[in-house]
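Everything numeric here is computed off the predicted structure, so don't read it as measured data. Labels below follow one simple rule: chain letters A, B, ... track the order of the sequence lines, proteins then strands, and each chain is numbered from 1.
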Amino acid sequence: MSIPTKFVPKAVEDKWYRYWLENDYFKSTPDKRMPYTIVIPPPNVTGVLHMGHMLNNSLQDILIRRARMQGFNACWVPGTDHASIATEAKVVEKLKTDGISKNDLTREDFLKHAWEWTNEYGGVILEQLKKIGCSCDWDRTKFTLDSEMSKSVINVFIDLYNRGLIYKGYRMVNWDPQAQTTLSDEEVIYQEKSGNLYYLSYKIEGHDESLIIATTRPETILGDTAICINPKDDRYKHLHGKNAIVPIVERSIPIILDEYVDIEFGTGCLKVTPAHDPNDKSLGEKHKLDFIDVLNPDGTLNSFGLHYEGQDRFIVRKSIVKEMESLGCFVKKENHLSKVGLSERTNAIIEPRISEQWFLKMKSIAKPALEAVLETNEIQLIPKKFKKTYRHWMENITDWNISRQLWWGHRIPVYYYGKDNDDFVVAESIEKALELARVKSKNLNISISDLRQDDDVLDTWFSSWLWPISVFDGINKPNNEEINYYYPTQDLVTGPDILFFWVARMIMAGYTFRDKLPFSKVYLTGIVRDQKGQKMSKQLGNSPDALGLIEEYGADAVRVGLMLSSVAGNDLLFDENLCKQGKNFANKIWNAYRLIDGWKIDSKIDQPIASKDAIICFDNTFNKALETINDYFEKYKISDALMTIYKLLWDDFCSWLLEVMKPDYGSSIDKVSIDQIKHQFQKILKLLHPFMPFISEEIWHIIKQRNISDSLVISSWPVFEKYDKIVLKNYENVKLIVGAVRNFRKENNLRQRELLSLFYSNSKTIEFSEIISRLAQLDKVVFSDENNQVKGGVFRIGTNEFFIPLDRKIDSKNELNRINNELNHLEGFLNSILNKLSNSQFVKNAPNAVINLERKKASDTKEKIKNLKSRLKNIK
RNA sequence: GGGCGCUUAGCUCAGUUGGUUCAGAGCAUUUGGUUUACACCCAAAGGGUCGGGGGUUCGAAUCCCUCAGCGCCCACCA
């Protein structure tokens, strides 16, 4: 036999992927069918495939492949995200290794480098997705910086501005003094660091008395504009309404009252520096304090720093303490553990800094998005537990800071024409801006050279929140055929970590720009962790090489490995052993095919009854499994669906069906049987296809029969047919009997192939006895009520008693033990039932069905006990 | 600090509205097997007071309270 005993994935994966592409099986265009659409969560354009992507995209592929087989017009739109911050940082770093500093480049030059980088590395990840079998419509590939996509973003900005939802405001941002840029909150890593807490005294105006504040950042003293105390703090009641004097600058500042101050912490007196601390900023706004910024962008003090101007903030921290000492204002210092924000990129200590940013008002657009998930259930989150998190965020939503001080991204379409803060217009092009500026300023002399576009770009999410709409160009051409057909999409598969950043905002965008939901189901995967429960990351180096895994185990196996452990919303502890399990499974499938393929067919042989019965049993089993699998899919229990298929193939198909139908060595199989087996196998391959597309397609093509469509990928999902519960019950019984005979052999050290006979009593017929004979190596399975006369072994299944004559000493000790154990168990069980039934409360309160059930249990158990006891007597 | 969630077999997890023998699955482990598809195999076995305590109920893994441990999100103490 030339077929290898082990499945070799490499040999088939590329072949079939190419074949699918060549035949345009993944392509979708609007037609009469119902659409089933998924938009991919666009990975970073310069990213490389990691385990999270594998999980995510395998799931999407499973959903889309099944939908395709179900007859939907399946459309999976792929693409990549420009990922402003991450990409810009990478480019900056790369330039640095080439000896180029970003600060030395013009915006245009920098963007040229960035595009070069993007064109070189961009899309690598999409190629990697193909390796795991993703059936995206690649002709639709989008990039968030494509001109069409850009236009959508700009149009949306203009639209929102015109609706009065976008405004300019001041906000405290994370400033990286080393890179001289703002960072998003996500790029700030908080670390516990031990530092000092300095106690310093401030004079009270018009008094001899002082008050003592505690601070970790003495260098910001020069920016103090108030002292804050808790109004309930009895120690300081006498200070209400007074002023204090900031040492060194000798500035008089008010003593304000706010419950924000923790009486317990430090001295209960807080110095307020609104320009350098987010909390102080809100105090400053609330109490209308002055904002004094004492820092330059590079982290040195500015002119407000007086004689410290030009010195680094950390040097000033030390010297200012010394100066305070000499002034007699220093009281003491304590060790203090505090969290310090560090830049993820440069490791520099972040300075909170107030700057001008663009904001989007969220309250009004959040409303329909909140209702859709919590009230109408138009959009479902899977699992449901995320609804609460979603609500919490949406109800407390704050305005969205959409500007970033970066170059790589969609530049904010705001053009300034004058010196005033309000001298700007919002327009899609500079020409248009000129027109508007002339109108707004009533100055026709303004020319293009007078216009200056805002330097900032938009937050990356400000483009990705449009993704389900913009990939179909639904912003620019709101009535085009594609958007009307594909939108709203069906399922979105993504991680819970971007529920707010992305999912919630897409929902808001959907209702804001199309008045419709963007998708109806959101499947939130877990985060892939290693076995210690740590998040997989490059820094930790605990992330397995995704492509390496495919290389080692095969794409199908890796997909199975991931799916076996992935319950929606639960983090999964990734274990390479799961891939091994997937590989073993692939091999099992492969060998099932090898077995079938190796049989000689003889069309003159009649089909044995056992084979005919086995097919009946399997067919019913299949339909029951199909019902379960479909139900699991409905509930997005993908791993359960896979496990059901796994067991269907491994246990029911291989261990039972094939074992029954396998012709004896050297014999041939009849035509009917082989056709039926292939038919059943093909149905399983269909179920398998979404999970294991490559191996299923490979085997499909080898065993396919003439009247069957070309490719599995476009074949139809099996249609559920009603199954016969009685058949299944009898089949279960068969399995129990076979198992019992096998046990009997084992206990008595009988050889596998030694023929035995089986007699049974208490039941006139045993269904599918031919199957039992074949699998348990019996010459007959017959009814007899006289089996007790002969020597042999006995076992019981349900109420039926079985007897195997054996002309040889059998080990009755085992049997005695077993019967006694069972008797004990049954008697205890019976007792508990009888207790229950004699409990008047139970009889009074429990529903009739439950009571009847208990009665039936009691009588069944009594019967069993009676049988066992008579058995016991006979053995003795 | 605020909010949410979790705790079931050695591991990863199922367990619908409380009610059949409901305590489950896969993997792992142990034992036994195989000249006739697959040792990436076959057949079987062991293994859990459902985190602790209390309550509601005729009846609790399931509902309530409480304690302990773990995790996530948000806001962060000068």
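When the C1' atom of B/C58 is taken as reference, atom CZ of A/Arg855 falls 14 Å away, rounded to whole Å. Between the CD1 atom of A/Ile638 and the P atom of B/U12 there is a distance of 22 Å, rounded to whole Å. The distance from atom CD1 of A/Ile397 to atom P of B/A75 is 12 Å, rounded to the nearest whole Å. At whole-Å resolution of the value, NZ in A/Lys746 and P in B/A43 are 12 Å apart. Summarising the geometry, the separation between CD1 on A/Ile589 and P on B/C41 is reported as 12 Å, rounded to the nearest angstrom. Atom CD1 of A/Ile350 and atom P of B/C76 are 15 Å apart (whole Å). For the pair A/Lys729 NZ and B/U20 C1', the interatomic distance rounds to 12 Å; values are reported in whole Å.
Among the heavy atoms of the strands, none lies under 4.0 Å from A/Asp280. Counting any heavy atom pair closer than 4.0 Å across all strands shown, A/Pro278 reaches no nucleic acid atom. Contact annotation for A/Phe7: no contact, since no heavy-atom pair falls under 4.0 Å across all strands. Residue A/Gly739 is in sugar-phosphate contact alone, with no base atom involved, counting any heavy-atom pair closer than 4.0 Å across all strands shown. Nucleic acid contact for A/Glu659: base, since at least one base atom lies under 4.0 Å from a heavy atom of the residue. Among the atoms of the strands shown, base atoms are found under 4.0 Å from some heavy atom of A/Cys654. Residue A/Asn839 is classed as a sugar-phosphate contact, given heavy-atom separations below 4.0 Å to backbone atoms only. At the heavy-atom level, A/Val843 lies nowhere under 4.0 Å from the strands shown. At the heavy-atom level, A/Ser655 lies under 4.0 Å from the strands shown only through sugar-phosphate atoms.
Remark: B/G47 base-pairs with no nucleotide in the shown strands. Criterion, Watson-Crick or G-U wobble with two distances under 3.5 Å.
The nearest pair of heavy atoms linking A/Ala366 to A/Met394 is O-CE, 3.6 Å.
Between A/Glu854 and A/Lys856 no salt bridge is recorded (no basic side-chain N to carboxylate O distance below 4.0 Å).
For the pair A/Cys228 and A/Leu257, the minimum side-chain heavy-atom distance is 4.5 Å or more.
When distances run from any side-chain atom of A/Gln841 to the nucleotides B/U36, B/A37, B/C58, the shortest one goes to B/C58. Nearest to the side chain of A/Asp640, among B/C58, B/A37, B/A14, sits B/A14. Closest contact between the side chain of A/Asn743 and the listed nucleotides B/A45, B/C58, B/A37 involves B/A45. Here the nucleotide nearest the side chain of A/Asp277, chosen from B/C77, B/A78, B/A43, is B/C77. Residue A/Phe842 places its side chain closer to B/C58 than to any other of B/A78, B/C58, B/U21.
Contact annotation: A/Lys637 reaches the phosphate of B/G15 (side-chain N/O to OP1 or OP2, under 4.0 Å). For the OP1/OP2 pair of B/C58 and a distance below 4.0 Å, the side-chain nitrogens and oxygens of A/Asn845 include at least one atom meeting the criterion. Between A/Lys385 and the phosphate of B/C6, there is no side-chain N or O to OP1/OP2 separation shorter than 4.0 Å. Here A/Asn396 does not reach the OP1 or OP2 of B/C74: none of its side-chain N or O atoms lies under 4.0 Å away. For B/G5, one of the phosphate oxygens OP1 or OP2 lies less than 4.0 angstrom from a side-chain nitrogen or oxygen of A/Lys388.
Here the side chain of A/Trp393 pairs no donor or acceptor atom with the backbone of A/Ala504 at under 3.5 angstrom.
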N/O to N/O distances under 3.5 Å, protein versus nucleotides 26-29 of chain B:
from  : atom 1 : to       : atom 2 : distance (Å)
B/G26 : O2'    : A/Gln581 : NE2    : 2.7
B/C27 : OP1    : A/Tyr646 : OH     : 3.4

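Taking atom C1' on both B/U49 and B/G54, the two are 16 Å apart, rounded to the nearest angstrom.
You won't find any donor-acceptor pair under 3.5 Å spanning the side chain of A/Lys836 and the base of B/C58, going by distance alone.
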